[in-house]
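To start, the structure itself, in C-alpha cells.
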Amino acid sequence: MPSKREVCSTGIEELDLKMEGGIPLGSTVLVTGCSGSGKTTLCMQFLFNGARKGERGVFFTITEPLFKLTKNLEGFGFYDKKLIESGMVNIIDLRIISERLGLDAEKYTVEDAGALLDILKDIADELDVKRLVMDSITALCYRLQTREMIRDFIFKLGTSLAVMNCTTMLTSEVPPQTFKFSQYEIEEFISDGIFFLGDMERKGDLIRTLQVIKMRGTPHSRTKFSMNISSQRGIELMPLLKSSEFESFLKR
Amino acid sequence: MTDAVIEGIRERVTAAIRVNLSVGIQVPENRHADLLEAIFASMCKNTHDVWSFVSVSKSYDYLKKSYKEIDQFQNIHFIDCISRAAGIGTKHHNCIYIESPGMLEFIILELLNSFRGLKGDTEKFIIIDSLSALMIYNDPAIIREFITLLMNRARSDNIHVISILVEEEMDSNKIIQMNDKIIVLRDSFID
C-alpha cells in the first residue's frame, strides 16, 4: 500500500484544495509577483496558520522594517500577537543580522552571503522551525555584485533548504504584467513549486490572480484563480471568469 | 400599487423559490420597485431563513431609505456593488461593499462567505438585483459565466437563487433562461 503523502497545509482552503491538501512537506515554493500582489500576506498567513497547528515558523525580511510589517498585519483576522510573543512566529530583520555580523548592508561578497546563509540555517535549526519564509530573495540577491555570485548563492541556498526539515516560501519580485517568475531566472530552478501572483485588468478594475505553476510531488490545478485579500479572512480564491481573460488577451 | 398585489407577488415568488433552486423574475421597469417591496416583505417575514441581497441597481443607502425595516434583521445581508464605484463611502453593519460591479468573482466570494457557519437545515437565499444592471458594467459572455458559476456553487450548497431581469434589457434574456423557473410579471397580472 502506498504511504500517505505528507503535506503542509497553507490554511488557505481553496489553495490547499488545488494541491490535494497542501504543499508536499519540506518543499521550497517560490511565491512570485509584482509589488502589491499579496506575496507577503500569503506568506504570513501560511506562517500564522501553521503556528496555530503547533508548527513554529520564521519570517526573514530584508525589504520592510519589523514595525511596519507587524503594523500591516494587525488588521488581518489570521494575525495573533500572542503567536509572536510566544515565539511560534518569529519575524527577523536580515539587515539587523547583517549589521551584527559586520557586513556591508548594501553589498555582499561571496563570503558575506555564505555567512548569512549559515546564520539563517542556525536560526532555523535552533528554533526548530517547520515553516520558513524569506521575503524577498530578489532583494537579497540585489546585494550581490555579479550574476555569477547570484547564481552561486541561489544554488547554495537551494542546497541548504533541501536539508532543512521545513517547508519554505521564497518571495520573488517581478515587474507588473509580465509572465516571468523571477528577476534572475535561476530562482525557479531551486524551487519545488511556484505560486504566480498576477494582476488582470478588466474594464479598469485590477483583479489579483493566483496560479500554481508547478508543485513537485503532488497533482495540482494550473487554473488561474482570482484572489481577494480580505482583512477578516486574508487570502481567498475564486475561479477566474474566463471570458474576461480572453477579452484582456485580445486587447494586448 | 395596492398591498394586495404586492402580497400576491410575494406569495408567488415565495412559492416558486421554495420548490426551485433558481428562479428568474422578469419584470417591467415600472414594476421593479413593487417587486423589491414584495421580496423585502418576504425576507423580513421569514426570519429563520438567511438572505443575501446583491444590489447592482440601487445603493444600500437608497434601499434603506426606501425600505426602512431592512437593516433591523440579523438574517439579511446586503452586498452593494455600486456605492464604491459611485464614490459613496458610507458603511453599514449588514452591508458589504464591492469596489466595482465588474468584480464578479468577489461578489460570489462574499455571497458564499455570508452563508458560512450556518446550521445545516437553514434555508439560504440569494437575490441578484439585477442581471440587467450587471450588464451595464459587464459583457454578456462574462455575465453568463458568472451566473453559471454562481448557480453551480449555489446548487452544491443548497442555496436558492432569485435573479431579477428588468424586461427592457433584452440582451439578458438568454441568461435568465438558465433558471429552473421563470416568473414574468406584467403590468396587470402575473404569468
Side-chain angles (χ1 to χ4, degrees), chain A residues 10-18 33 36-38 41-42 45 49 52 75-78 196-212 221 223-252, chain B residues 54 56 77 79 81-87 91 93-117 126 128 131 133-157 171-172 174-175 178:
Chain A
T10 63
I12 301 162
E13 200 182 324
E14 292 279 354
L15 184 57
D16 287 340
L17 264 174
K18 282 156 75 73
S37 59
T41 308
L42 190 149
Q45 197 167 347
N49 285 332
R52 274 194 187 85
F76 286 109
F78 64 78
F196 183 71
L197 278 54
D199 282 320
M200 199 199 67
E201 194 175 335
R202 183 197 293 160
K203 291 187 186 278
D205 297 327
L206 208 53
I207 295 170
R208 289 190 177 96
T209 62
L210 184 148
Q211 200 165 14
V212 181
S221 155
T223 300
K224 195 181 275 184
F225 273 57
S226 60
M227 186 178 103
N228 186 35
I229 303 179
S230 139
S231 59
Q232 209 182 341
R233 292 171 297 271
I235 305 268
E236 299 176 296
L237 302 178
M238 179 53 61
L240 184 74
L241 299 175
K242 301 286 189 296
S243 315
S244 57
E245 204 179 5
F246 181 63
E247 284 158 22
S248 165
F249 173 75
L250 288 179
K251 279 176 195 161
R252 266 182 220 166
Chain B
V54 179
V56 194
H77 309 282
I79 297 175
C81 302
I82 55 163
S83 284
R84 293 295 180 258
K91 283 183 178 180
H93 65 95
N94 62 338
C95 183
I96 287 165
Y97 295 87
I98 302 282
E99 286 303 310
S100 142
M103 294 191 149
L104 299 168
E105 293 89 344
F106 303 142
I107 297 176
I108 302 181
L109 255 178
E110 293 301 349
L111 279 170
L112 298 176
N113 284 333
S114 69
F115 297 119
R116 268 176 195 261
I126 288 171
I128 310 280
L131 291 178
L134 272 178
M135 290 185 76
I136 295 170
Y137 305 97
N138 298 280
D139 297 323
I142 200 168
I143 296 296
R144 213 169 294 140
E145 204 184 337
F146 163 74
I147 288 293
T148 308
L149 177 61
L150 175 65
M151 284 190 183
N152 284 331
R153 292 296 292 258
R155 280 183 185 130
S156 80
D157 291 348
D171 277 355
S172 37
K174 273 185 197 160
I175 298 168
M178 294 157 86

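For clarity, every value in this text was computed on a predicted model and none was experimentally measured.
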Within this structure, what is the CG-CZ distance for the pair A/Asp205 and B/Phe106, rounded to the nearest 0.5 Å? 9.5 Å
How long is the gap from CD on B/Glu145 to CG on A/Leu240, to the nearest 0.5 Å? 8.0 Å
Can you tell me how far apart CE (A/Met238) and CD1 (B/Ile108) are? Round to the nearest 0.5 Å. 5.5 Å
In Å, rounded to the nearest 0.5 Å, how long is the span from CZ of A/Arg202 to CG of B/Leu104? 5.5 Å
Report the residues that fulfil salt bridge (Lys or Arg N to Asp or Glu O under 4.0 Å) with B/Arg155, sequence neighbours left out, ordered by chain and then residue number. B/Asp180
What part of B/Phe146 gets closer than 4.5 Å to chain A, counting heavy atoms only: side chain, backbone, both or neither? both
Roughly how far apart are A/Gln232 CD and B/Ile96 CD1, rounded to 0.5 Å? 7.5 Å
Between OG on residue A/Ser226 and CE on residue B/Met103, distance to nearest 0.5 Å: 9.5 Å
Do B/Asn113 and A/Glu236 pass the side-chain contact (heavy atoms from CB on, under 4.5 Å) test, and can you show the C-alpha distance, the side-chain angles, and the key distance before you say yes or no? CA-CA 10 Å; B/Asn113 284 333; A/Glu236 299 176 296; 2.7 Å; yes
Heavy-atom distances under 4.5 Å only: say whether B/Leu149 touches chain A with side chain, backbone, both or neither. side chain
Can you check side-chain contact (heavy atoms from CB on, under 4.5 Å) on A/Asn228 and B/Glu105, steps first, answer last? CA-CA 9 Å; A/Asn228 186 35; B/Glu105 293 89 344; over 6 Å; no
